[in-house]
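Keep in mind it's a predicted model, so treat the numbers as computed, not measured. Proteins come first, then strands; the chains are lettered A, B, ... in the order of their sequence lines, and each starts at number 1.
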Protein chains: 2
Amino acid sequence: MLETEPVPERRRGSGVKMVYDQLRDEILDLVLLPGSLIDEVQLAERFGMSRTPIREALVRLSSEGLVETLPNRSTMVANIDFLNLHTFFDALTLMYRVTTRLAAQHHRPEDLVILRDHQRRYADAVGAQDALAMISTNRAFHAAIAEAGRNPYYTSLFLRLLDDGRRLLRLYYQSFSDQLPREYVDEHEAIISAIEAHDIPLCDRLAAKHADQIVHQIQRFLARDQRQQIQL
Amino acid sequence: MLETEPVPERRRGSGVKMVYDQLRDEILDLVLLPGSLIDEVQLAERFGMSRTPIREALVRLSSEGLVETLPNRSTMVANIDFLNLHTFFDALTLMYRVTTRLAAQHHRPEDLVILRDHQRRYADAVGAQDALAMISTNRAFHAAIAEAGRNPYYTSLFLRLLDDGRRLLRLYYQSFSDQLPREYVDEHEAIISAIEAHDIPLCDRLAAKHADQIVHQIQRFLARDQRQQIQL
DNA sequence: TACAGTTTTGTTGTCGACAAATAAAATGCA
DNA sequence: TGCATTTTATTTGTCGACAACAAAACTGTA
């Protein structure tokens, strides 16, 4: 009597969160391509559970704008809006500045330890030429700055922007993984020092410069091969 | 044959949205008090539908921070965080400034028509001493400015802030509905003119002043009767 | 062949029911 | 009586099933 149990007997309330986290990662990592349709029963079979928890996860993703749900029709992975990218860059730059300024004001000693930890991991990723690790560690670094700023409103918007950017960065790094991120390591170091020194104007300048670097780099990439963006 | 139909035969996909909108309004209008527990089957009976759509509405409200859901236990109306109000005021002020500046840059002629329409309704509400109408029309006015700024990232954060503030304003206006909002009418007029003139620095100054007025007024109120805030 | 109307197919939105998990009540023991 | 333990009860998380809706496939007619 072979009682195969492919689903490893998950705990009660963990279903939605598991599906949510998994789908979210796959969307942001472009495993699920923008515009592709999502079938609930297919997901239900894949995760070995009913459609109900799948649906709740999709509702959550929908309210965060990661999927668009057409009434009585399939839900769809949200498209990347290449036409209004300037609004994204604008908001991203402002949030870089605001969160870094606030970190200079409100950080505590333990925040610096965390920051340096993330920075070290980022430097390792750059040294190892590991594009995926660069993306995630860079994100963690700036998310930690936002946390140190201690304003949840800014933090949540910033995280959303970083996630939206994560999809762009996936396009970016998969096309050419060059050595430019080396500059970012130094800039990160300077930002940490400015935060530690409570130098708010310097934090503002450094964050703005850092943001401009990233924005211009992405824009250069987009201008370079426009075919790819039209294709999506 | 008496076929009573208390539930008016709603359309198919409208269930969740109806429950979501209704609960959201009741939470923001303090009909559902912060910290109060929400029973799903009770809501299901009240809305005349199954628990499934109620649940999806609650998930959505949860992801927007309006309710907090304890695992395997009741979900709860989110508390008002009186301790960290300064983060709220800070973000609100910045968003006032940013959205108004962007409206000066990117507005179109039809936006001004909409703005003047909201402004007229706000003036009417002030004239009629209708506190609830003041809250909603003021919100609509500033939301329209954000829309005219055409940056969905800022708009969504701003709307969230305005909604969080709506609960505070409910506390505020229900304790003393005075004639102070009269000043706001004039300030709104000045903001409209500055937007129309594309005067970005003036928009920034006016928005900052406007925000400070509101913030200080709420802070005065909170300092005046602290008993009420502790009670909640 | 082109097109309007009809049928079929596939997918979603909703339902009622059951089981797990927690809180409350009841019981037993010192 | 006070406390630990068991039992009950309530509420959630999940499931399988069915009906409604939209798109695709099909049919008949000009």
Side-chain angles (χ1 to χ4, degrees), chain A residues 3-24 26-27 32-33 35-78, chain B residues 3-24 26-27 32-33 35-78:
Chain A
E3 197 148 321
T4 55
E5 214 159 343
V7 184
E9 201 55 43
R10 68 187 185 285
R11 278 184 301 284
R12 189 170 150 82
S14 67
V16 279
K17 180 168 170 48
M18 164 183 278
V19 177
Y20 169 81
D21 289 337
Q22 182 73 25
L23 286 183
R24 179 190 151 84
E26 294 185 1
I27 290 173
L32 294 175
L33 292 179
S36 63
L37 269 53
I38 296 179
D39 184 10
E40 295 179 1
V41 325
Q42 191 175 327
L43 284 179
E45 290 176 7
R46 176 182 154 197
F47 285 98
M49 60 180 72
S50 166
R51 271 176 53 224
T52 311
I54 307 277
R55 247 166 158 281
E56 294 192 1
L58 288 179
V59 168
R60 193 172 219 151
L61 290 170
S62 161
S63 84
E64 292 175 19
L66 289 177
V67 302
E68 293 172 23
T69 164
L70 320 178
N72 284 321
R73 210 117 32 94
S74 265
T75 80
M76 187 182 76
V77 178
Chain B
E3 197 147 322
T4 55
E5 215 160 343
V7 183
E9 200 54 44
R10 69 187 183 287
R11 279 185 301 283
R12 190 169 150 84
S14 68
V16 279
K17 181 169 171 47
M18 165 183 276
V19 177
Y20 169 79
D21 288 337
Q22 182 72 23
L23 286 183
R24 179 190 151 84
E26 294 184 2
I27 291 173
L32 294 175
L33 291 179
S36 62
L37 269 53
I38 296 179
D39 183 11
E40 295 179 1
V41 3
Q42 191 175 326
L43 284 179
E45 290 175 7
R46 175 181 154 200
F47 285 98
M49 60 180 71
S50 165
R51 271 177 52 224
T52 311
I54 307 274
R55 252 171 153 277
E56 294 192 0
L58 288 179
V59 168
R60 193 171 219 153
L61 289 170
S62 162
S63 85
E64 293 175 18
L66 290 177
V67 303
E68 292 171 23
T69 164
L70 320 178
N72 284 322
R73 209 123 25 100
S74 266
T75 79
M76 187 182 78
V77 178

Novice: List the atom of A:Ala44, the atom of A:Arg51, and the distance in Å for their closest heavy-atom pair.
Specialist: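 Looks like CB-CG, 4.1 Å.
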Novice: Kindly indicate, with the supporting measurements, whether the criterion side chain to side chain contact (heavy atoms under 4.5 Å, CB included) is fulfilled by A:Leu33 and A:Val77.
Specialist: CA-CA 7 Å; A:Leu33 292 179; A:Val77 178; over 6 Å; no
Novice: Reckon A:Glu56 touches a base, only the sugar-phosphate, or nothing at all at heavy-atom distances under 4.0 Å?
Specialist: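 Since no nucleic acid heavy atom lies under 4.0 Å of A:Glu56, the category is nothing.
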Novice: Return the value, rounded to whole Å, for the distance between atom CZ of A:Arg51 and atom C1' of C:dA17.
Specialist: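 My rounded result for the distance is 17 Å.
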Novice: Can you check side chain to side chain contact (heavy atoms under 4.5 Å, CB included) on B:Val19 and B:Val16, steps first, answer last?
Specialist: CA-CA 5 Å; B:Val19 177; B:Val16 279; 5.9 Å; no
Novice: Out of D:dT11, C:dT22, D:dC18, which has the shortest distance to the side chain of B:Ser74?
Specialist: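 Minimum distance to the B:Ser74 side chain belongs to D:dT11.
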Novice: Please report, rounded to the nearest Å, how far the P atom of D:dA22 is from the CD atom of A:Glu40.
Specialist: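 Atom CD in A:Glu40 sits about 16 Å away from atom P in D:dA22.
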Novice: Kindly point out which of D:dT11, D:dT14, D:dC18 is positioned nearest to the side chain of B:Asp39?
Specialist: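 It is D:dT11.
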Novice: For DNA chain D, whose closest nucleotide is more 5', that of B:Arg73 or that of A:Arg73?
Specialist: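 Taking each residue's closest nucleotide, the earlier one in sequence belongs to B:Arg73.
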Novice: Tell me the interatomic distance from A:Leu70, atom CG, to D:dA20, atom P, rounded to whole angstroms.
Specialist: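 Whole-Å distance recorded here is 22 Å.
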Novice: Hey, which sits more toward the 5' end of DNA chain C by its nearest nucleotide, A:Arg12 or A:Thr52?
Specialist: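 Closest to the 5' end, via its nearest nucleotide, is A:Thr52.
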Novice: When the distance from CD of B:Glu45 to P of D:dT11 is rounded to whole Å, what number comes out?
Specialist: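 So the CD-P distance, B:Glu45 to D:dT11, works out to 10 Å.
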Novice: Measure CE/A:Met49 against P/D:dG16 and give the value in whole Å, please.
Specialist: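 One finds 12 Å between P of D:dG16 and CE of A:Met49, rounded.
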Novice: Between C:dT14, D:dC15, C:dC18, which nucleotide gets closest to the side-chain atoms of A:Pro53?
Specialist: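 Looking only at side-chain atoms, A:Pro53 lies closest to D:dC15.
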Novice: Looking at every strand, decide which applies to B:Ile38 at a 4.0 Å heavy-atom threshold: base, sugar-phosphate, or nothing.
Specialist: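 If one applies the 4.0 Å heavy-atom cut-off, B:Ile38 turns out to touch the sugar-phosphate alone, with no base involved.
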Novice: Please evaluate residues A:Ile38 and A:Leu23 with respect to the criterion side chain to side chain contact (heavy atoms under 4.5 Å, CB included), reporting the C-alpha separation (whole Å), side-chain torsions for both, the decisive distance (0.1 Å), and the verdict.
Specialist: CA-CA 10 Å; A:Ile38 296 179; A:Leu23 286 183; 5.5 Å; no
Novice: Could you check how far CG of A:Asn72 sits from P of C:dG10, rounded to whole Å?
Specialist: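 Result: 18 Å.
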Novice: With the side chain counted from C-beta on, respond yes when B:Ser62 and A:Arg60 share a heavy-atom pair under 4.5 Å apart, and no when they do not.
Specialist: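 Answer yes - side chains close enough.
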Novice: Within this structure, what is the CZ-to-C1' distance between A:Phe47 and D:dT14, rounded to whole angstrom?
Specialist: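 Taking atom C1' of D:dT14 as the reference, CZ of A:Phe47 is at 16 Å.
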Novice: Using whole Å, report how far CD of A:Glu68 lies from P of C:dT12.
Specialist: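 It works out to 16 Å between those atoms.
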